[in-house]
Structures are given as structure tokens and as C-alpha cells.
Q: 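Before anything else, here's the structure in question.
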Amino acid sequence: MMATVTEESSRTDTPYQPTLRDLIMLETPTAVRISPGGRRVAIAVRATNWKENRYETACHVHDLENGTTYLLNRTGSVEQMEWLDDQTLALLKRGWGTDDKAQVWLYEGLIGDGWAVTEHKTGVEWFKPFARGLLYRARHPERDENKPRADRFGKYTHFEQEESPSALYYVGLAELRQYQARVKAGTEDEAKKLVAPVVELSQLLEDRLAIREVIPSLTGDAIYLNTWKREDLVYYRDKRAYCIRLDAGAAVAEQVRREEARKAKEKDAADGVGPDGKPDDKEDLSYLGQITRLQVPHGATVEGVAPDGRRLAVRYQERDDKMYTYADLWLIDTQAALDASDPAAFLAEMRNISADVDEEPFEIYWVEDGLYTVCPEGTRARVVHLDGEGQAAHLDLQGVFPVLFMGCFHVSAAGQIVLAGANVKSVAEVYLAEQVDGQGRYHVRQLTSFGQDIEGWELGTVETIRWTSRDGTEIEGVLRKPAGFDPTQKYPLVFVVHGGPAWFSPEYLLVGEDRGYYPSVQFVNKGVLVLKPNYRGSIGRGQAFADLNVDNLGIGDLWDLESAIDHLAALGWVDVERVGCMGWSQGGYISAFVGLHSSAFRAVSVGAGVSDWYTYHVSNDIPQFTVDYLSGSPFRDRELYIKTAPISQLAAAQTPMLIQHGIEDRRVPLSNAMELYRGLQEMGVPVELFVFPGMAHPITKPRENHAVMHQNLAWFSHYLLGEEPALE
């Protein structure tokens, strides 16, 4: 995190124009965690290993008392960080071997190589500290392998009908330490008789459900589970919530006692037969705890537990369960939640505390003075404090705004806030915010120096602009201008359209797409304006704005983009004959739509975009999207599907199109790219298709990110600036 300025920029006072690789190589924070007592901050930092063509994440620890930062893990790539106390940090990390699985490692005293707490055959997917140990989700080895079926029928998947192999385990740390010491001290035969202190708590569930989240109570006597019926995304609305009350230490002790007894009767246990020759009765699992299914309203999930365990925070969509409808945070007394006999009774006890925010809260943290969350607000994000009585305060962090991703902020028990933040002048840095009085004022301190990497770089300037769309709706966007921008000059213009649609483009100096998909910096350094529109349906503008693209996909988006061209042209800033559009996912769909439904664009680039909503609906992994946004199934009424499909105007196509797609993409399957490619070929329109082996919906390797950026830069440099095409 102590960066060095590039050699090129240090030789001269002339600003350095970074290359695509310069941007891809930048280190960036990907998660932050502050220790319970507020003494240290763990920072996950993503770096690029070009030689091995992979991104690697390491954990750095910043000591708030002496201001020093040091690298904690020397091996593996970190996927999760959780503090147990101010001196102990647990990491979920994986190695780079073909068979390496992610496991939990404990760093006691924050030094040394770490202690491998898990050795789960299928690897650990996530974990949470609880009581005097750890909860973790992993795939049950036997259910995952399903060997009896494979031996009989080979390998196949019963599409969207497979039971989940997920399981929730608890391991006691003191017991594990004792077990490992006994293994080391014993003979091989003695070690085989020992039992690891790990219990599978998910045995208490009534069905083999997909365990999505676990929320431990800080009181150490209860955990809350959110589950789906199956792992497939089509079941994301089929949710159940449970409470398990348990004595974790006693459960581990009883599990060990039972397993040691079974090993002593190995033959009987292997046969599943008791001494009398009859099968054993179903095992009594009450020692694991008492499980209660919570009668939450449809689609609701438990999101948090009060520090004293007496109240729960619930995420719930009150209006309806559509994908574009925001959920609010509600509170309910824990005992009332346990006692509710049906969803109506549960709902009657709930109280909405975030309705006035009019945005969906991201992750939440509940400490003594209330709940903290992050919400988008226009072209920025803000940390929001909820007092539990319905009062929401958007915190003023002195011009620092959270960078929205899971793990972007964290709160200590005393209310200290650590966050990855940015603004128009700064790349993402890690900051500590502490209250200076009881009036909501904060002192903000920067802990990292990632910005040193870009000192002397020419990145242009970033600002929010607003314009009126065709139907009178005000639209916002983030405009990047070249250095030395001349308002009397007419510039080429490119749109970079975000995915979602329930997402947004923030007013920050650099964001992820600038470093892996679309070369905004290189465009402005070639004298091209870059506009990132927060089109209708984007987050940050409230529920009413989110509703505006329902039954209006593509059509309203085109209004928003064409109106932006008109607005900038009226200012005299844009050459309307040299306008391009690019985007990934929903942004790819919008790029395809404007390229086929408008003559305003000289060229477009479609990344993982939809060609036809029917093609998308029948082949993707979440068909509810089209049913919600187009108000029905295409098997019953296809009119809106045709009207809002890019491909519906193929016969009039003229705009050259670059298409980029991951071969393994299930969110927007490759058939969409193939349909656009074959159709434009048939119409004689210039089209190029690049597919990426091993890539799903996102592009996740640095060299492939380089290819995506290079192709986009070359494509628009050719069509907007007249340069010779050089896509490879």
C-alpha cells in the first residue's frame, strides 16, 4: 500500500498518460474490518499477478495506535476476514494449486504463518465467529459427491431440482487445539480413535435447504439462518428463516462423546444395525440445539441481531416482491419473532425504521448506539445511521463517500467507522471516522496511500451533470472531461453504461470498470468526452425512479441517452456525428438497443448483453427478471418482449457493433451474443465477436480484462477518431 510512482511519470513534470496495463495493475482495497476494541483495521488489498494471470488478495493490518501497516498473510489469496478480538484475526484463504480449497486460518497475536482451523474436503465458502469458535458453510462431502447415484447412473444434473449439498458446521477452537495436540502425541492407531470437535448444525433443518446466511447473536446462545429451497437462483424468493438456540460447547462435547462411542463399535456402526440386529432408531439431535422456524413474511430475511440479543433486524419488501422494489429494514422483538404463529402475526410485530431513506440499505452493523448501513444517494453513496426509532441520519464524512461493494465499511462496538471511500479527486482509500461530539460530527483520518500510484497521471476531471429526458424526467450522469477542456470545442462522445439496472455510476475518480472493462481515462486523453448515465431504474434516486423502466426497458433508456446528446450538443461540447456507446450486462443490452433502434450512434460495444428478451428468458439462470420488468411471461404474451428487444429492429441495422462475451456466462448466455452476431452479419453491418473461455458473466483475469479494454479502445478510436483498426 506504500505505492511508487511509475518511472515514466517521475522523469518529467509533464503529466503521464497511463496505459491500460497501468490501470489493471493498480492495487485497490476490497474489504475492511475494524477489531472489536477499535485498535486495528484489517484491509484486504487486491493486486495483479500478470505472470500467473490472476488477481490476488492479501490481508494488511493497520495499527491505529502507532500508524503502522504490515502484511499479515504471506501465502494464499484472502476471501474473508473476521476479528475474534483485537489480537486475533481469522482469514478465509485459498492457495493456487488445482486442488487447493479455501480454508479458515487463525492468526493469533497477528504474527506467524497462521493456524489452519479447517481442513474441510470441499473447502469452506464463508464463516462467522460465534461463542468460542467458528461457524462455517461448506458443501457436505457425501451429498456433494453423491457417489451412490454416480456409481449407478454416471454424472448428470437434475436441472433446478437438485437438493442443496450445503451444510453449516461449528468448530470449537479450544477443543480443536486440544484435539490436535492429542493427535500429535498419540500413535497412528490412537489418533484414529479421536474425533475432531466439529458438529453439523444443519442436521436440525427439516429439509436439505440451501443455507445462504448465518447471523450469530453476540450473546453466544443463538444463531439465525436464512435459507432458500435450493441453490438455483430461480428459488431466491422461496426463503425460510430459522433460529437455533444452543450451547455450542456442550454440543461439541456430546458430538465427540457419541462419535467416540460409535468408533468403539465400528462394525455395528458400519452396518447401521444395533446389538439386537434391528436398525437403530432415528438419532436424537436435540443436543445440537433447539430449532424454530420463524414465520417471516414472504421474502423476508433476518439481517441483524441487537448486541443484547433482544431484537432482530429484518429485510422486507412491503409493497411487492418485484426485483425493482426496494426492501426496508424492520425491527421486531426476538421473543415476538419466536412466538409468531404465522406471517401475519410476525408482520404485525414489525416496525419499519428505514422508510424515510427511500433506498435499499446495503449491509448493516448493529452496535450500542444503533444500526449503520450504506445507501446510494444520487451519484455518491453515504453511510447512514438508523437509531431504531425511524430516524435516519446521513453522515457527513468530510467529502469521503463509500465505494459500494460488500465489505466496503465496518463499525466497531464503540461506533468507530472504517470504510473504503473515494470522491472526484481520490481513488479508493481506507479511512477511519470517529465521532468528535454527540452532534454527529466526525473526524476522518486516511489510513492508506493507494493514491501514490497515480501521482502525476493524467486522468481528466469528473463531475455530475443533469439533463431532462424526453418524458420530462431528470437524469443524472457522471461526465469525465479531458484536461484543459475547452467549452468552445466540439468533442467526440462515448457513453459507458452501467449494468443492473439496479446499480449506478458514482462520481469517483476511478471505479472498477475504468480498470477492467472500459478505458475512460484513455478516451479522455485522446480528446473524447465520457458520460456514464444513471438512466431510469438506477439506484440512488428513490423507488419512483427505480420504477420508471418497468415495461419500458430500452425505450426509456434510449430517451435518456439521446437527450444527453441533445443537452451536450446544446452546450456546444459535442460533435453529434461522433458518438459511441458501450456497456456490460444491462449496459450491454442498452448499447445493443441504441445501436439497433437509433441512428444517433456511430458505433457501439455490447458486453455480455441481451439480444432478445425471449432468448434471454428461456436460457438464463434468473427468468424472474423479465417476468418482473416486462410484466409477464413471453409464453403468454410476447408483445412487450418484442418491442423492447434490440434484435426487433435488425432489418434497419446500420451501426457497427463490437460484441464481447464469456463462454461460461449463465446470467446472460452466449446465445445472445451469437444471435446479434449472426443477425448483423446477415444484414451486412460491421460486427466483431470476441468470446472468452472460462469466463462467466464478469471477466475475472487481468490479461482478459486487458483484451476487453484494448478491443474497446481500438474499436471506438477507429470509428470516432479515424484510426486504423487494431483489435488484436
Side-chain angles (χ1 to χ4, degrees), residues 33-40 42 72 80-93 103-112 114-120 124-138 167-184 194-204 211 213-225 242-260 285-291 304-310 334 365-368 410 412-413:
R33 286 288 183 271
I34 187 167
S35 64
R39 293 178 56 189
R40 295 179 174 87
L72 183 62
Q80 186 183 348
M81 311 177 298
E82 300 290 348
W83 290 97
L84 276 65
D85 54 50
D86 281 357
Q87 296 288 341
T88 309
L89 184 65
L91 302 181
L92 179 64
K93 64 174 187 170
Q103 305 292 350
V104 180
W105 293 71
L106 206 62
Y107 290 81
E108 299 170 296
L110 304 177
I111 58 173
W115 168 31
V117 174
T118 63
E119 295 180 350
H120 198 83
V124 174
E125 296 171 350
W126 46 254
F127 74 98
K128 291 288 183 69
F130 175 67
R132 293 171 296 281
L134 299 174
L135 298 160
Y136 63 91
R137 172 185 147 137
L168 181 68
Y169 299 91
Y170 173 82
V171 56
L173 294 177
E175 296 89 340
L176 180 63
R177 195 185 308 276
Q178 184 181 35
Y179 162 77
Q180 291 179 344
R182 291 176 65 191
V183 169
K184 290 180 180 179
L194 299 177
V195 176
V198 179
V199 294
E200 184 197 340
L201 298 176
S202 49
Q203 293 179 87
L204 291 170
I211 300 165
E213 298 164 299
V214 60
I215 298 91
S217 172
L218 292 178
T219 57
D221 60 357
I223 61 174
Y224 297 84
L225 305 182
Y242 296 86
C243 171
I244 299 177
R245 293 191 173 276
L246 73 161
D247 181 332
V252 167
E254 178 61 13
Q255 170 82 2
V256 170
R257 186 194 69 77
R258 292 187 180 200
E259 288 302 315
E260 287 180 344
L285 298 175
S286 60
Y287 74 96
L288 293 176
Q290 178 185 359
I291 188 166
V305 187
D308 62 6
R310 296 173 62 184
T334 301
Y365 298 102
W366 201 338
V367 297
E368 291 295 338
H410 194 223
S412 73

Q: List in chain and number order the residues that pass salt bridge (Lys or Arg N to Asp or Glu O under 4.0 Å) with Glu125, two or more places apart in sequence or in another chain; answer none if no residue qualifies.
A: Arg137
Q: Donor-acceptor check, side chain of Tyr242 to backbone of Ile291, threshold 3.5 angstrom: yes or no?
A: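 It does not hold such a pair.
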Q: Would a distance-only check, ignoring hydrogens and angles, find a side-chain to backbone donor-acceptor pair under 3.5 Å from Arg40 to Gln87?
A: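 No, Arg40 side chain to Gln87 backbone: no donor-acceptor pair under 3.5 Å.
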Q: Does Arg39 have any salt bridge (Lys or Arg N to Asp or Glu O under 4.0 Å) partners at least two apart in sequence or in another chain, and if so, which?
A: Glu65
Q: Of the non-hydrogen atoms in Tyr179 and Ala196, which two are nearest, and what is the gap between them?
A: CE1-N, 3.6 Å
Q: Is there a donor-acceptor contact under 3.5 Å from the side chain of Ser217 to the main chain of Gly309?
A: no
Q: Assess whether side-chain contact (heavy atoms from CB on, under 4.5 Å) is satisfied between Leu246 and Leu288, documenting all intermediate values.
A: CA-CA 7 Å; Leu246 73 161; Leu288 293 176; over 6 Å; no
Q: Give me the atom names and distance for the closest heavy-atom approach of Ile211 to Ser202.
A: CD1-CB, 3.7 Å
Q: Evaluate the side-chain proximity of Asp85 to Ser35: yes if any heavy-atom separation is below 4.5 Å, no if none is.
A: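 When only atoms from C-beta onward are counted, Asp85 and Ser35 do not touch, as no gap falls below 4.5 Å.
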Q: Please report the closest heavy-atom contact between Phe130 and Ala222, naming both atoms and the distance.
A: CE1-O, 3.4 Å
Q: Under the ring-ring contact (aromatic ring centres under 6.0 Å, His included) test against Tyr136, which residue among Trp126, Tyr169, Phe127 passes?
A: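 For Tyr136, the ring-ring contact (aromatic ring centres under 6.0 Å, His included) test succeeds with only one of Trp126, Tyr169, Phe127, which is Tyr169.
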Q: Of all heavy-atom pairs between Lys128 and Pro216, which one has the smallest distance, and what is that distance?
A: CB-CG, 3.8 Å
Q: Indicate the ring-plane relationship of Tyr365 and His410, choosing parallel, tilted or perpendicular according to the 30° and 60° boundaries.
A: perpendicular
Q: Looking at side-chain heavy atoms only, is the closest gap between Leu106 and Leu84 below 4.5 Å?
A: yes
Q: Can you name the closest pair of heavy atoms from Ala116 and Gln180 and give their distance?
A: O-NE2, 3.8 Å
Q: Just so I know, are the side chains of Trp366 and Ile215 near enough to count as touching, which here means a heavy-atom distance under 4.5 Å?
A: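 Heavy-atom side-chain distance check fails, nothing below 4.5 Å.
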Q: From Thr88 OG1 over to Trp115 CH2, what is the distance, rounded to the nearest 0.5 angstrom?
A: 10.0 Å
Q: Please name the pair of heavy atoms, one in Asp86 and one in Leu110, separated by the smallest distance, quoted to 0.1 Å.
A: O-CD1, 3.9 Å
Q: Ser412 side chain to Ile34 main-chain N or O, any donor-acceptor pair under 3.5 Å?
A: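 No; zero donor-acceptor contacts below 3.5 Å.
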Q: What's the verdict on side-chain contact (heavy atoms from CB on, under 4.5 Å) for Leu285 and Leu204, showing C-alpha distance, side-chain angles and the deciding distance?
A: CA-CA 7 Å; Leu285 298 175; Leu204 291 170; 4.1 Å; yes
Q: Should the heavy atoms of other residues, nucleotides or ligands under 6.0 Å from CD of Glu260 be counted, would the total exceed 12?
A: yes
Q: With heavy-atom distances below 4.5 Å as the criterion, would you say the side chains of Leu168 and Ile223 are in contact?
A: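 Yes. Closest side-chain heavy atoms under 4.5 Å.
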Q: What do you reckon, is CD of Glu119 surrounded by more than 12 foreign heavy atoms closer than 6.0 Å?
A: no
Q: Would you give the length of the straight line joining atom CG of Leu135 to atom CG of Leu225, rounded to the nearest 0.5 angstrom?
A: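 That separation rounds to 8.5 Å.
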Q: What's the spacing between Glu254 CD and Glu259 CD if we round to 0.5 Å?
A: 10.5 Å
Q: May I ask you to check whether over 12 heavy atoms, not counting those of Arg310, lie within 6.0 Å of atom CZ?
A: no
